[in-house]
Structure formats: C-alpha cells, structure tokens
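In what follows, residues are counted from 1 in the order of the sequence shown.
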Amino acid sequence: MQLQFRLIDVFSDRPFAGNQLAVVLDADPVSDGAMQRIAREFNFSETSFVGASSRPDCDFRVRIFTPGKELPMAGHPTVGTALVLQREGLVGDSVTFELGVGPTPVTIAGGRAEMRQQPPRFLGVEADRAGVAAQLGIEESDLAGPLERVSTGVPFLLVPLRSREAIARLRPGPALMGEVECFALGGETPGTTARVRTFAPEFGIHEDPATGSAAGALAAYLVKYRLAESPFLFEQGYEMGRPSQLHARIDGDQVHVAGAGAIWASGVYDLALG
C-alpha cells in the first residue's frame, strides 16, 4: 500500500520553526493500529490522517494521533491539515472537518487557517499550588494566579507565572500529571499577549512547540480573569528552538485559533499496513 503524506511546520510562516506535522492523505484503508504506528514512527507531536466523512455536514474526517494515543481534537493538526488540503487543491477558503469532538469549521485566508473550537469549559481550580510548582521544578512564589483546568476540546491545567524568567526555568519532572500550559504575560515580539510553554506527558509529548488546543483554553482563561482582551497573540516553542506564533480570539462563547504554516516536504509511505 502506498500513502501520500506532506510535512508542514504549523504556527510559523517558515520551515524549521513552529510545530511539525505529518498529514497522511487518503487514509481510509489504514487501520487504527497502523495509524498509531505511523504516528510513532514520525514521532512528531501529532500526525493527522485524512479520509472521507460519513457526515453530510463535514467535508473530511481527520483523525489525530500523538506518538502515544489518539486525540479527539488538536489545534496545530487542524490548522495544518487545512493548509495542506488547500495547497493540494482539495478545499477552497473554508472546510469543515469531522473530528472526535464533532464538526469543526476552518477558514483559510492569506496563508493562515483559523479553526473554531468548542465553547470553553472551566473544570475547576487546582488547590495544591505547592505540589504543582514542585512538579514543574519552580517555586510556589513563581505562581501568579489561579491554577485552573480549562477545555475548548482538550483539558489543560493553566498555570500563570510571574515572569518570562520563571517560564525559562521550568523543568518538569517525571511526576507531572496531565496536560499543563504555563504562561507569563508579555513576550519578545511587540503586541504579544503571553509567552507559553506546554507539557503533555500523557500524550507522549514532553514539551510541545505550539499547542492550538491549549491556546484556545488560555484565551478563555484570560478573558475570565480579565488579564487581557481579545484578540491574542501567544509565542511558544522559543525555549525549544522552534519559535511559534499562535493567534486566538473570543467571539461570545466561540473560541477561534489561527496560524500560518510552511509546507516543506512530501513523500510516500510504501509498506504493508495491518
């Protein structure tokens, strides 16, 4: 069996920055197990698999795998897959994907794709601030506000820090539980809302260069606590040498996350898949 794939760096307008993504086309014949093995072989934060949708309100079904598991939704695979399909001539300026969370509309303009995420859900404040700080390798005094779990499709524990210097000192240990997004207001680029680092050990990702699903959750958190106003610009991946820019905005109860992408390679998988 031969499978066409494309490689794109998402949330960057140039190659070798942003978050790496492999997009596997015409993936309907591929089994769940083979999808997981291919994702593990690429070993990017995520790999997306594009197939036909059985829903009349969706154009394609997109399945998203980390090296360790399948996700119901993720930001950079959704944005990157839309940009790849437009480059392939398969979509115009809009597309609706069937994801694990349901229909997900994406618009594409000016080399940037914007996805609509799920309405935000606030899942509770974490009381053990000292324990979270210890898991992250920082002091409790580095924490700046409520630690709250928020989801716009995938839940993240949002951890506000007092400074970008504290962001740079993060050294999460093996005891870190769940998905965590740490942020400090401000950034290197003028107009940046926050510097961000995201860790997702349960997904098989120690640190993620750019996390669109967490960007949506962070936008909702910032609005709730009146820390910043929509629209937002987040910078991520700088500590990993993969600078990324993630755009987010809140419109009523709708959360939108957008970014650019640089397609830089294509290829063919030629192997027996079971």
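Between the side chain of Q36 and the backbone N or O of P67 there is at least one donor-acceptor pair closer than 3.5 Å. For the pair T192 (side chain) and A194 (backbone), a donor-acceptor distance under 3.5 Å is absent. Looking only at distances, a side-chain donor or acceptor of S163 sits under 3.5 Å from a matching main-chain atom of A166.
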Checklist entry - What's the verdict on side chain to side chain contact (heavy atoms under 4.5 Å, CB included) for H256 and H247, showing C-alpha distance, side-chain angles and the deciding distance? => result CA-CA 8 Å; H256 302 263; H247 299 264; over 6 Å; no
Checklist entry - Between H76 and E46, is a side-chain hydrogen bond (donor to acceptor under 3.5 Å, both in side chains) present by the stated rule, with each step listed? => result CA-CA 8 Å; H76 98 274; E46 282 102 6; 2.9 Å; yes
Item to check | R169 vs D142, salt bridge (Lys or Arg N to Asp or Glu O under 4.0 Å): CA-CA, chis, key distance, verdict | outcome: CA-CA 10 Å; R169 282 192 284 108; D142 289 316; 2.8 Å; yes
Item to check | Verdict with supporting geometry, F49 and I38, side chain to side chain contact (heavy atoms under 4.5 Å, CB included) | outcome: CA-CA 10 Å; F49 296 83; I38 291 170; 4.0 Å; yes
Item to check | Test log, rule side chain to side chain contact (heavy atoms under 4.5 Å, CB included), inputs I8 and W264 | outcome: CA-CA 6 Å; I8 178 172; W264 61 274; 5.6 Å; no
Item to check | Residue pair S45, D208: steps toward the side-chain hydrogen bond (donor to acceptor under 3.5 Å, both in side chains) verdict | outcome: CA-CA 7 Å; S45 295; D208 199 27; 2.5 Å; yes
Checklist entry - What's the verdict on side chain to side chain contact (heavy atoms under 4.5 Å, CB included) for E179 and L157, showing C-alpha distance, side-chain angles and the deciding distance? => result CA-CA 6 Å; E179 288 60 59; L157 177 64; over 6 Å; no
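Expressed to the nearest 0.5 Å, how far CG of L25 lies from CD of E88 amounts to 5.5 Å. A distance of 9.5 Å separates CG in N19 from OG1 in T198, rounded to the nearest 0.5 Å. Annotation: the span from T78 atom OG1 to E114 atom CD amounts to 12.5 Å, rounded to 0.5 Å. To the nearest 0.5 Å, atom CD of residue E70 and atom OG1 of residue T47 are 12.0 Å apart. Taking CD from Q245 and CZ from F234, the interatomic distance works out to 13.0 Å, rounded to the nearest 0.5 Å. If you take CG on D128 and CD on E140, they are separated by 8.5 Å, rounding to the nearest 0.5 Å.
The pair R63-D32 meets the salt-bridge criterion, since a charged nitrogen lies less than 4.0 angstrom from a carboxylate oxygen. In this structure, E98 does not pair ionically with R55, as no charged nitrogen and carboxylate oxygen lie closer than 4.0 Å. Remark: D9 does not engage R14 in a salt bridge, criterion side-chain N to carboxylate O under 4.0 Å.
Looking only at side-chain heavy atoms (C-beta outward), C58 and P103 come within less than 4.5 Å of each other. Within the 4.5 Å cutoff, side-chain heavy atoms of Y221 are placed close to those of L227. At least one side-chain heavy atom of F183 sits under 4.5 Å from a side-chain heavy atom of L218. Looking only at side-chain heavy atoms (C-beta outward), V91 and I108 come within less than 4.5 Å of each other. Side-chain contact between Q20 and R242: present, with at least one pair of heavy atoms (C-beta onward) separated by less than 4.5 Å. Proximity of S213 to T211: side-chain heavy atoms (C-beta onward) are separated by under 4.5 Å at one or more points. Contact check for R149 versus E126: side-chain heavy atoms found under the 4.5 Å cut-off. L71 places none of its side-chain heavy atoms less than 4.5 Å from the side chain of F65.
L176 is not connected to M240 by any chain of hydrophobic side-chain contacts under 4.5 Å among Ile, Leu, Val, Met, Phe, Trp and Tyr, and they are in different clusters. L185 and L147 are assigned to two separate hydrophobic clusters, defined by single-linkage of ILVMFWY side chains at heavy-atom distances under 4.5 Å. Each of V223 and V159 belongs to its own hydrophobic cluster when Ile, Leu, Val, Met, Phe, Trp and Tyr are linked at side-chain heavy-atom distances under 4.5 angstrom. Clustering ILVMFWY residues whenever any of their side-chain heavy atoms sit less than 4.5 angstrom apart, transitively, puts L158 in a cluster other than the one holding V180. In this structure, L143 is not a member of the same hydrophobic cluster as V125, with clusters built from ILVMFWY side-chain heavy atoms closer than 4.5 Å.
Across all their heavy atoms, V255 and G216 have their closest contact at CG1-CA, 3.6 Å. A214 approaches F156 most closely through the heavy-atom pair N-CE1, 3.6 Å. What you find for R197 and F199 is that their closest heavy atoms are NE-CZ, 3.9 Å. Closest heavy-atom contact between A17 and P243: CB-O, 3.5 Å. Summarising the geometry of A262 relative to P15, their closest heavy-atom pair is CB-N, 3.6 Å, with the distance given to 0.1 Å. Residues Q236 and V196 share a closest heavy-atom pair of CG-O, 3.4 Å.
In this structure, R195 is positioned above the aromatic face of Y238, its NZ or CZ under 6.0 Å from the six-membered ring centre and within 45° of the axis.
The 12-atom threshold is exceeded at CD of E239, counting heavy atoms of other residues, nucleotides or ligands nearer than 6.0 Å. At most 12 heavy atoms of other shown residues, nucleotides or ligands fall within 6.0 angstrom of atom CZ in R87. No more than 12 heavy atoms of other residues, nucleotides or ligands sit less than 6.0 Å from atom CD of E41.
Qualifying ring-ring contact (aromatic ring centres under 6.0 Å, His included) partners for F5, counting only residues two or more places apart in sequence or in other chains: F42, Y269.
Side-chain contact check for Q4 and R6: at least one donor-acceptor pair (N or O, by modelled atom type) lies under 3.5 Å. Checked by atom type, the side-chain pair S48/T81 shows a donor-acceptor distance below 3.5 Å.
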